[in-house]
S.K.: 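Encoded as structure tokens, here's the structure I'll be asking about.
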Amino acid sequence: MPEVVNAADDAAFRVQATAMGYDPDDKWVGGYVPVAWQEVRHLVAAYAGDVHDAALLEFGCNYAASSIVAATMGACVTGVDVDADTITLARRNAARHGVAGRIDLRHVRDTRVLPFADASFDIILCISVLEYVAPDQLDAVMGELKRVLKSGGLIIVSGTASRLAPREVHSGRWLVNYWPRVIDRRLFGRKTPLQRGANPFAILRAFGNYENLDLADRGERWLAARAAMGQSPAKLCMARIIARLIRPFGWSIGMTGPSFSATWRKP
Ligand SMILES: C[S@@+](CC[C@H](N)C(=O)[O-])C[C@H]1O[C@@H](n2cnc3c(N)ncnc32)[C@H](O)[C@@H]1O
């Protein structure tokens, strides 16, 4: 597992996290690398196998926990995020874990235009990020992700809160996914709309001409990754049954939960 190896960078990370109003050891801040090691590592290994020297883009990298895990697995990682402070803290996180040389972390204010050439990456990771992209930007963002992915490359979407879920995953609010955003302003006087899940139909549509690996192998890699993450056999058995039921409609395992996931290969 990636360890904190650099005391000076660790101190700088802690100072900055505190200045940003966070507990540096919080599970979702400095404590997220062990979580990503237990989850993202298995996801990447199940779908991509050996990622040594693979060019991997983490889209919406936050504090770079998943990027640090991928770099520890041997990938050459690029991470992008729309939040400049987040990227500064992510750089410190990578430095304290001793992998700064393997991760290029960039602040990109508008990710509808990514600063990379066509076909730059073998693997793109989108973990818990597409639901944060403004809905009117989602198609353009996914178009960019498709542009920078190499032919034969993988896009791994995981942990994405679903607009179909009765309870919105991040806020825990019931039924908010089912009313339009305009109601937030008209009924509740909110300037910024409430958090909602991403629409899985929009994402399925965007990757419609890609090979859905979860359909191709009937969810075997998805199940292997979750088993390695420690999910219970009962939950996995239930997922297998649901996958059989939804397959005739072109839906793969992982598309129906409160958070959805799928992995595609570019033709
Ligand atoms: C929950 S965090 C992602 C966690 C991270 N991928 C991981 O595995 O640990 C969501 C991130 O998405 C970023 N984000 C929001 N909108 C974005 C956009 N349009 N393009 C790229 N990143 C975005 C946020 O700044 C935030 O850092």
Side-chain angles (χ1 to χ4, degrees), residues 1-2 13 16-17 20-22 26-45 47 51 56-73 75 77-94 97 99 103-116 121 123-148 155-162 168-172 192-193 195-199 202-203 206 225 229 258-261 263:
M1 185 169 80
F13 174 87
Q16 194 193 340
M20 288 168 70
Y22 302 132
D26 185 90
K27 182 186 172 190
W28 304 111
V29 186
Y32 199 61
V33 169
V35 178
W37 182 250
Q38 188 45 37
E39 296 183 356
V40 178
R41 173 173 54 116
H42 297 303
L43 201 58
V44 171
Y47 288 100
V51 293
L56 181 147
L57 171 67
E58 189 190 4
F59 182 75
C61 61
N62 198 246
Y63 309 128
S66 302
S67 292
I68 291 165
V69 166
T72 305
M73 294 170 78
V77 180
T78 302
V80 297
D81 202 286
V82 289
D83 189 298
D85 289 343
T86 290
I87 285 293
T88 311
L89 193 58
R91 288 194 183 119
R92 301 222 154 106
N93 206 13
H97 284 92
V99 289
I103 310 181
D104 175 13
L105 290 161
R106 302 211 198 169
H107 170 226
V108 179
R109 202 176 51 79
D110 182 349
T111 49
R112 284 174 295 181
V113 183
L114 293 173
F116 311 115
F121 298 101
I123 302 163
I124 298 179
L125 280 185
C126 286
I127 301 191
S128 187
V129 57
L130 295 178
E131 68 269 51
Y132 294 102
V133 176
D136 61 342
Q137 298 190 359
L138 192 56
D139 280 345
V141 162
M142 288 190 291
E144 268 304 83
L145 295 176
K146 291 168 79 172
R147 179 184 68 77
V148 301
I155 178 152
I156 301 175
V157 173
S158 188
T160 304
S162 173
E168 199 286 314
V169 168
H170 300 299
S171 63
T192 31
Q195 173 76 40
R196 284 178 173 73
N199 179 355
I203 292 162
M229 290 176 200
S259 294
F260 64 89
S261 59
T263 297

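Every value quoted in this text rests on a predicted model; they were computed, and no experiment measured them. Indexing begins at 1, ligand by ligand and atom by atom, following the structure's order.
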S.K.: Using heavy atoms and a threshold below 4.0 Å, how should the contact between Gln137 and ligand 1 be classified: side chain, backbone, both, or neither?
M.R.: neither
S.K.: Would you say Asp83 and ligand 1 have an N/O pair spaced under 3.5 Å apart?
M.R.: no
S.K.: Are Glu58 and ligand 1 in contact, using a heavy-atom cut-off of under 4.0 Å?
M.R.: yes
S.K.: Just to confirm my output: which protein heavy-atom neighbour is closest to atom 27 (O) of ligand 1, and how far is it?
M.R.: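 Heavy-atom neighbour on the protein nearest atom 27 (O) of ligand 1: Asp81 OD2, 2.6 Å.
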S.K.: Please report the closest heavy-atom contact between Ala64 and Ala90, naming both atoms and the distance.
M.R.: CB-CB, 3.7 Å
S.K.: Under 3.5 Å, is there a donor-acceptor pair between the side chain of Arg92 and the main chain of Tyr63?
M.R.: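 Checking the backbone N and O of Tyr63 against the side chain of Arg92, no donor-acceptor pair under 3.5 Å is found.
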S.K.: Applying side chain to side chain donor-acceptor pair (under 3.5 Å) to Ser171 and Gln195, what does each step give before you reach the verdict?
M.R.: CA-CA 7 Å; Ser171 63; Gln195 173 76 40; over 6 Å; no
S.K.: Tell me the protein heavy atom at minimum distance from atom 12 (O) of ligand 1, and give that distance in Å.
M.R.: Val129 CG2, 3.4 Å
S.K.: Given Leu114, Val141, Val35, Ile127, which has its nearest heavy atom closest to atom 4 (C) of ligand 1?
M.R.: Ile127
S.K.: Examine distances only and state if a side-chain atom of Asp104 and a backbone atom of Thr78 form a donor-acceptor pair shorter than 3.5 Å.
M.R.: no
S.K.: For Ile68 versus Pro2, what's the shortest heavy-atom pair and its separation?
M.R.: CG2-CB, 3.8 Å
S.K.: Can you list the ligand 1 atoms lying under 4.0 Å from a non-hydrogen atom of Val82?
M.R.: 14 (N), 15 (C), 16 (N), 17 (C), 18 (C), 19 (N), 20 (N), 21 (C), 22 (N), 23 (C), 25 (O)
S.K.: Could you tell me which non-hydrogen atom of Ser66 sits nearest to which non-hydrogen atom of Leu125, and how far apart they are?
M.R.: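 Taking every non-hydrogen atom into account, CB-CD1, 4.4 Å.
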S.K.: Specify the protein heavy atom at minimum distance from atom 21 (C) of ligand 1: its residue, its atom name, and the distance to 0.1 Å.
M.R.: Phe59 CZ, 3.4 Å
S.K.: Of Ala140, Gly60, Ala64, which has the heavy atom at the shortest distance from atom 22 (N) of ligand 1?
M.R.: Gly60
S.K.: Under 4.0 Å, heavy atoms only, figure out whether ligand 1 is touched by the backbone of Tyr32, its side chain, both or neither.
M.R.: side chain
S.K.: Under a 4.0 angstrom heavy-atom cut-off, which atoms of ligand 1 come close to Ser128?
M.R.: 1 (C), 2 (S), 3 (C), 10 (C)
S.K.: Donor-acceptor check, side chain of Thr72 to backbone of Ala70, threshold 3.5 angstrom: yes or no?
M.R.: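 Side chain of Thr72 to backbone of Ala70, a donor-acceptor pair under 3.5 Å: no, none is there.
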S.K.: Can you tell me which portion of Thr111 lies within the under-4.0 Å heavy-atom range of ligand 1? Options are side chain, backbone, both, or neither.
M.R.: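 The side chain, only.
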S.K.: Any idea which atoms of ligand 1 are less than 4.0 Å away from a heavy-atom of Val133?
M.R.: 18 (C), 19 (N)
S.K.: How far is atom 15 (C) of ligand 1 from its nearest protein heavy atom, and which residue and atom is that?
M.R.: Tyr132 CB, 3.6 Å
S.K.: Write down the atom of Met73, the atom of Ala45, and the distance for their closest heavy-atom approach.
M.R.: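 It is CE-N, 4.1 Å.
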S.K.: How far apart are the closest heavy atoms of Ile87 and Leu105, and which atoms are they?
M.R.: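 Shortest heavy-atom contact: CG2-O, 4.0 Å.
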S.K.: For Val40 and ligand 1, does the shortest N/O to N/O distance drop below 3.5 Å?
M.R.: no
S.K.: Can a donor-acceptor pair be found, under 3.5 Å and without considering hydrogens, that links the side chain of Lys27 to the backbone of Val35?
M.R.: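 Such a contact is absent between Lys27 side chain and Val35 backbone.
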S.K.: Any idea which atoms of ligand 1 are less than 4.0 Å away from a heavy-atom of Ser66?
M.R.: 7 (C), 8 (O), 9 (O)
